[in-house]
There are 2 protein chains.
Amino acid sequence: MGKCEQCIIRQLNALKTLTKEELIRVSHCKTVKTIKKGEVLFNEGEYINGIFCIKSGICKVSKMSENGREQIVNLVKRGDLLGERSLISEEAANLKATAVNEMEICFIPKHEILRDLNENNSFSMSFLKEMAMSLKTNNNTVVEMAQKSVKQRLAHTLLNLAEEFGLDENGALSIHLSREDIANIIGTATETTIRLLSEFKKKDLISLKNKDIFIQNKEELRQISEGI
Amino acid sequence: MGKCEQCIIRQLNALKTLTKEELIRVSHCKTVKTIKKGEVLFNEGEYINGIFCIKSGICKVSKMSENGREQIVNLVKRGDLLGERSLISEEAANLKATAVNEMEICFIPKHEILRDLNENNSFSMSFLKEMAMSLKTNNNTVVEMAQKSVKQRLAHTLLNLAEEFGLDENGALSIHLSREDIANIIGTATETTIRLLSEFKKKDLISLKNKDIFIQNKEELRQISEGI
DNA sequence: CGATTGCTTGACCCCCATCAATCCTCGTGG
DNA sequence: CCACGAGGATTGATGGGGGTCAAGCAATCG
């Protein structure tokens with residue numbers, strides 16, 4: 001079992017502010033898990049009783065709308081924490097987390113995190129900063145959803161995926177999502193997403209080769225996303 | 001100048017966890033302001049350098065989309081804090097705050113809050129909980145915006161306004177918003193909002209008498225908002 | 001009492017949800 | 001090794017929701 005004190009991942013999130021002793025305690029009570037693609041980490045309404053620290057892989061965080069459609073509200077990757085919100089509120093999870101590809105995660109039980117939050121002030125400040133950041137992104141997403149057309153949102157999403165998850169050696173988006181997942185990020189029907197993707201392709205803004213998406217004209221996509 | 005130690009408002013938010021000495025310090029550095037209807041507390045991009053504690057009145061928190069339309073992301077009322085997010089991130093404000101009616105507010109400078117956050121752990125925990133709560137509401141708003149029709153959102157908004165701000169002595173919504181403001185909450189055109197309001201009126205779900213809105217059939221509005 | 005601002009209604013049309021059919025791709029078992 | 005089935009991707013047709021422009025009306029204010 002790996003030692004948290006020596007783990008590089010913790011440098012990427014609020015856990016970096018834990019002291020050596022705290023990290024050793026975390027090491028002793030954490031559990032490491034491998035999650036297969038498509039597996040559910042937790043569901044809406046479940047009590048998670050801890051937080052997840054993502055070592056590798058990507059996971060989609062979503063919520064079922066009353067209309068019966070899934071809305072993806074976040075994509076979580078290496079270095080991110082997951083489940084912080086529910087832990088702080090001491091409530092059941094409001095969201096569902098599903099692995100997009102194979103993941104390696106550490107699970108840290110609630111009592112340990114709460115203890116550290118109470119004792120270590122730079123840890124709780126660090127936590128606060130992360131939540132403040134999410135809050136900002138979320139506010140911006142609300143505006144995006146409420147005010148922009150589906151086409152604008154798709155353009156924005158493609159640029160975002162490229163920026164957040166990078167490109168592979170061939171220049172394709174390295175994150176691999178189904179059309180349905182993309183549609184569920186944007187908040188539209190799968191067919192509409194497909195139609196718009198092929199429209200973008202026709203205009204040489206992107207190209208599509210066996211399941212890979214290549215961004216060809218970043219600048220014009222940006223303009224579309226901003227409604228210019 | 002009022003003393004924070006004796007102020008009832010602080011019981012309504014995270015400030016309730018401050019110690020007596022901390023409150024006295026806050027008292028000495030805070031400023032009280034009266035804000036007239038329509039006045040702007042702060043604008044996108046401004047540095048606020050502190051937080052606002054709302055003593056009375058209501059304020060809309062909004063953001064301009066690139067399309068040039070205003071989206072209201074929150075309504076803040078008596079007892080709420082405002083500006084926490086920017087304070088924590090130490091960034092310029094991402095949002096704009098405008099008084100919906102006459103307001104009385106206290107402004108507490110950043111240095112005092114940061115000091116208390118660093119020294120008083122139950123204060124920072126309390127702060128964390130409030131942010132976690134906002135994060136949850138915000139996630140739900142994203143889903144609402146992305147997945148529900150304008151009609152559903154209007155029904156939901158009307159019920160929400162009734163619940164959050166209550167009814168006046170006659171049973172009308174006590175919060176008073178222009179059609180445009182309602183449209184900017186829902187994320188639609190003013191005309192569409194008006195048309196839907198009159199549709200609701202025809203079906204006796206609401207009634208409209210000189211600028212007042214009365215909810216007549218809560219149950220059916222709820223069903224509409226959930227898409228039943 | 002004009003004038004500015006907000007409210008309301010009409011007409012038009014495009015965006016996008018929905019249903020349906022076909023095609024493609026890939027893993028599985030015979 | 002191939003046939004087959006299942007799930008994802010794609011394209012077509014269709015209709016309604018809602019954005020937009022325009023004009024008229026009500027209300028509020030200096």
Side-chain angles (χ1 to χ4, degrees), chain A residues 36-38 60 65-71 98 100-101 143-158 172-173 176-202 206-213 224-225 227, chain B residues 36-38 60 65-72 98 100-101 143-157 173 176-203 206-213 224-225 227:
Chain A
K36 282 194 288 285
K37 174 176 175 171
K60 58 178 177 182
S65 80
E66 281 139 343
N67 299 357
R69 272 216 308 247
E70 186 188 16
Q71 177 64 36
T98 316
V100 164
N101 46 34
V143 178
E144 174 109 2
M145 290 297 178
Q147 300 282 1
K148 291 195 177 177
S149 70
V150 171
K151 191 190 291 191
Q152 286 181 297
R153 284 182 265 157
L154 176 59
H156 187 227
T157 299
L158 290 174
L173 289 193
H176 234 272
L177 296 169
S178 68
R179 311 290 169 181
E180 194 183 356
D181 278 338
I182 299 178
N184 291 344
I185 293 173
I186 300 173
T188 189
T190 310
E191 298 94 320
T192 306
T193 304
I194 290 173
R195 266 182 259 269
L196 286 173
L197 280 175
S198 78
E199 184 188 327
F200 284 177
K201 185 184 168 182
K202 240 175 237 158
I206 61 172
S207 62
L208 306 169
K209 278 172 205 153
N210 29 287
K211 302 229 161 202
D212 277 335
I213 300 179
I224 289 178
S225 92
Chain B
K36 282 194 289 283
K37 174 176 174 171
K60 60 177 176 181
S65 79
E66 280 139 344
N67 299 355
R69 271 214 311 245
E70 188 186 16
Q71 177 63 38
I72 297 179
T98 316
V100 163
N101 47 33
V143 179
E144 173 110 3
M145 290 297 177
Q147 299 284 2
K148 291 195 178 177
S149 70
V150 171
K151 191 189 289 188
Q152 286 181 296
R153 283 182 264 158
L154 177 58
H156 187 228
T157 298
L173 289 193
H176 233 273
L177 295 170
S178 68
R179 311 289 165 175
E180 194 184 354
D181 279 338
I182 298 179
N184 291 343
I185 293 173
I186 300 173
T188 188
T190 310
E191 298 95 319
T192 306
T193 304
I194 291 173
R195 265 181 261 268
L196 287 173
L197 280 174
S198 78
E199 183 188 328
F200 284 177
K201 186 184 167 181
K202 240 175 236 159
K203 293 187 190 165
I206 62 172
S207 63
L208 305 169
K209 277 170 204 155
N210 28 289
K211 302 232 158 202
D212 276 336
I213 300 179
I224 289 178
S225 92

Under-4.0 Å side-chain N/O to phosphate OP1/OP2 contact, R153(B) with dG18(D): no

With D212(B) via side chain to side chain donor-acceptor pair (under 3.5 Å) - residues at least two apart: H176(B)

Short side-chain to backbone donor-acceptor contact, T188(A) and N184(A), under 3.5 Å: no

Presence of T188(B) side-chain N/O under 4.0 Å of dG19(D) phosphate oxygens OP1/OP2: yes

Closest listed nucleotide, where the reference is the side chain of T192(A) and the choices are dT20(D), dC16(C), dC7(C): dC16(C)

Nucleotide dC26(C), atom C1' - distance to NZ of K211(A) in whole Å: 9 Å

Minimum-distance pair of heavy atoms, taken over all atoms of L208(B) and K201(B): CD1-CD, 3.9 Å

I186(A) CD1 - dA17(C) P separation (whole Å): 10 Å

Pairwise distance CD1(I185(B)) to OG1(T193(B)) - rounded to 0.5 angstrom: 9.5 Å

Between dT8(C) (P) and K202(B) (NZ): distance, integer Å: 13 Å

Whole angstrom value for the distance that separates P of dC7(C) from CG of D181(B): 9 Å

Nucleic acid contacts - residues 144-152 of chain A versus DNA chain C, non-hydrogen atoms under 4.0 Å: S149(A), V150(A)

Separation of dT25(C) C1' from D212(A) CG (nearest whole Å): 15 Å

Flag side-chain contact, heavy atom, 4.5 Å: L173(B) against I206(B): no

d(CD1, I194(A); C1', dC15(C)) in whole Å: 17 Å

Cationic N near anionic O, under 4.0 Å, E199(A) to R195(A): no

Test item: T192(B) and L154(B) side chains (from C-beta on) under 4.5 Å apart, heavy atoms: no

Side chain to side chain donor-acceptor pair (under 3.5 Å) involving Q147(A) - partner list, sequence neighbours excluded: R69(B), Q71(B)

Side chain K151(B), main chain L196(B), donor-acceptor under 3.5 Å: no

Gap between atoms CG and P, on L177(A) and dG7(D) respectively (whole Å): 20 Å

Side-chain heavy atoms of I182(B) within contact of I213(B), under 4.5 Å: yes

End axis versus end axis in the helix from dC1(C)-dG30(D) to dG30(C)-dC1(D), the angle rounded to 10°, five pairs used at each terminus: 40°

Contact list (N/O, under 3.5 angstrom) for nucleotides 10-13 of chain C vs protein:
residue, atom, partner, partner atom, Å
dG10(C), N7, R195(B), NH1, 3.0
dG10(C), O6, R195(B), NH2, 3.1
dA11(C), N6, R195(B), NH2, 3.4

Residues that T190(A) engages under side-chain contact (heavy atoms from CB on, under 4.5 Å), provided they are two or more places apart: R179(A), E180(A), A183(A), I194(A)

Proximal nucleotide (of dA9(D), dT20(D), dT11(D)) relative to the R179(A) side chain: dA9(D)

Whole-Å gap separating C1' (dG18(D)) and CG (L197(B)): 15 Å

Residue from H156(A), R153(A), Q152(A) passing side chain to side chain donor-acceptor pair (under 3.5 Å) with E144(A): H156(A)

